[in-house]
Amino acid sequence: MNATEKGGQKRLMRGTALLMVGRVVGLLINFSTQLLIVRSLVKADYGMFAFALGFMETLAIVATFNLGHTTSRLAPRYEEEGRAAELTGAVYLMTATVFVLGGLSVLGIHLLQAPLASAFELDDAGLALVLCLIWLTPVQAFDSFVIALLATLANARSIFVRRHLLGPLIKLAAVLAVLASGGGVAEIAYAHLAAGLLGLALNVLLWAKTLRNKRLLVGALSRIRVPFREVFGFAAPLLLSDIAKTLRGAPVVVVLGYFCVQEEVAAYRSVFSLARLNEFALVTFSMLFAPMIARLQARQDWEELRATFWRASLWVTVLSFPLFAVSVVLAEPVTVLLFGDQYEGSAEVLAALVVGYFMHSAMGLSDHALRTLGAVRLVVALDVATGILTFVLLLALVPTYGAFGAAASVSGGGLFRAVAFHVALRQRIPLGRVPIAHLRLAGLLLVLLAVLIAVQRYWHPPLAVGLALHLIAFAVALRRGRKALAVSEFFPELARIRILRWLL
């Protein structure tokens, strides 16, 4: 590996280290908030709340208009080429687009509330929850855009503070205040709305600070060029792709709410966040991976791009393994411990979900690389194909199998998508063969998973012992794979921690 490769990978890994810690902190806080809500509500009420939240998140996908990926694609290129006028115009255009689409979504739902209640058989309480949480549509869409902007133009610390610390803490504090006062599902919804509005105020401040630091505010330039064609030429075709891709997320709750009772919605949504924890490494690495790919493409440095891709993919796979193994091997005891006996049946839903999420994490950087490299038609085609497959599976399985059918549909679509995107990326850039050291580490992970399954099946150890065994397995993977991961090279600060020195 030459000095250029090492320098590029170091920048990726060092920035990712802070985001990784932040991602873990944010996930733990958000998951604690969800646990409080699930534990405090009866299953039907939580199902109604989850449906309203999922409905809002579905519309937020449309309101975002794929502008997060557009920012990761265009902003680094404009910055590298010194096109400050176009960069400023693009930021203002994308900001306005998010709020206009979000506002239209809110207006449309309020105008169509009667047909909506009839189609989904919502009672007055359920409709009130939808009408309350729908105001978060532009808020969440702007949040996604601001995070992409920070990842591209600011630094990892800004993302750490806003997304992984302040945002989750505000929501947790709001929910705790409601529960302390004896509030129910309606009050929890209003608490979410209040937390979202406070987060919006923080996002506006960060947005302005980022533009001011980069000298991109309107008064700082003699003229601004708004690149309508470039922004919407990249974002519009991929909007359908984003909608299709997210059929494994919030829209699944909408389908469940249409075909099944609210208890099935609760059974799926309760473990959905736990299953998504398997993506924490992918989301963290992709925040910095996409802008780096854009810059490497601008420099035509394919050798460094290839090296960065394989190293980052290996890190994502290894860091996703512990939660994947726990979610599969210890699905039932973990589900009962976290959510209570009434959610015991959700264990099989969790196990079915995490298979697809882990595969998506292990191969997910192919998706981000293709998008950033500008393979718009190919990405749209693959995402639409995946969306159609997932939707067909949902229609076939959900009416009969409920939440488990939804989980199986999501995993089936996820497996297809992961393989298809990786094959497509190989045809786009010279990735070369998978490094031998990476294959050996992947084989070791499979062996460790098989051992954990066998121990749980034939010994049935207590949950604490089972979790300890999973931790030991993760330590073995890190120890055996330390050379392939190059831990000491990219995270030398970890060597200062005495307990990790021998391990890494």
Side-chain angles (χ1 to χ4, degrees), residues 5 8-9 12-13 16 66 68-70 72-73 76 148 151 234 237-238 240-242 244-249 276 278-297 301-321 324 354-387 389-390 410-435 437-439 441-442 445 484-485:
E5 286 178 332
Q9 291 189 30
L12 173 67
M13 298 301 180
T16 300
N66 192 54
H69 290 295
T70 305
S72 298
R73 165 69 175 176
F234 184 81
L238 286 174
L240 182 60
S241 171
D242 265 14
K245 183 179 70 172
T246 53
L247 272 176
R248 63 198 188 96
R276 286 194 66 183
N278 286 270
E279 285 190 321
F280 85 96
L282 172 64
V283 173
T284 302
F285 273 78
S286 64
M287 285 181 187
L288 297 177
F289 180 75
M292 175 171 281
I293 289 295
R295 288 186 167 90
L296 292 176
Q297 182 196 23
D301 194 344
W302 302 112
E303 187 175 356
E304 183 178 353
L305 190 154
R306 179 173 63 251
T308 300
F309 173 83
W310 286 120
R311 184 61 52 77
S313 296
L314 186 64
W315 270 102
V316 171
T317 301
V318 172
L319 292 174
S320 301
F321 175 76
F324 164 69
V354 296
V355 173
Y357 272 105
F358 178 72
M359 288 299 299
H360 177 254
S361 294
M363 307 175 74
L365 289 178
S366 301
D367 169 11
H368 294 278
L370 276 175
R371 288 172 181 270
T372 307
L373 291 171
V376 175
R377 293 183 180 180
L378 181 59
V379 168
V380 171
L382 292 177
D383 273 334
V384 169
T386 303
L389 173 63
T390 304
V410 168
S411 274
L415 288 171
F416 169 81
R417 187 176 185 279
V419 174
F421 267 86
H422 189 74
V423 171
L425 181 63
R426 280 187 162 277
Q427 312 234 336
R428 184 82 179 182
I429 61 175
L431 283 180
R433 295 181 179 180
V434 182
H438 294 197
L439 291 175
L441 186 53
L445 293 179
L485 293 169

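In this chain, residues are counted from 1 in sequence order. Source: prediction; values computed, not measured.
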Q: Would you indicate whether the side-chain heavy atoms of R417 and D383 approach each other to under 4.5 Å?
A: yes
(Q) Could you work out, with side-chain contact (heavy atoms from CB on, under 4.5 Å) as the rule, every residue matching S361, not counting sequence neighbours? (A) E279, L282, V316, S320
Q. Does N278 reach the main-chain N or O of F324 with its side chain, forming a donor-acceptor pair under 3.5 Å?
A. yes
Q: Quick one: closest heavy-atom pair of A424 and L378, and the distance?
A: CB-CD2, 3.6 Å
Q. Where do W310 and H438 come nearest, in terms of heavy atoms and distance?
A. O-CE1, 3.3 Å
(Q) Show the nearest heavy-atom pair for residues S366 and H422, with the distance to one decimal. (A) OG-ND1, 3.1 Å
Q) Which pair of non-hydrogen atoms, one from L389 and one from G412, has the smallest distance, and what is that distance? A) CD2-O, 4.4 Å
Q: Drop me the distance from L445's CG to F358's CZ, to the nearest 0.5 angstrom.
A: 6.5 Å
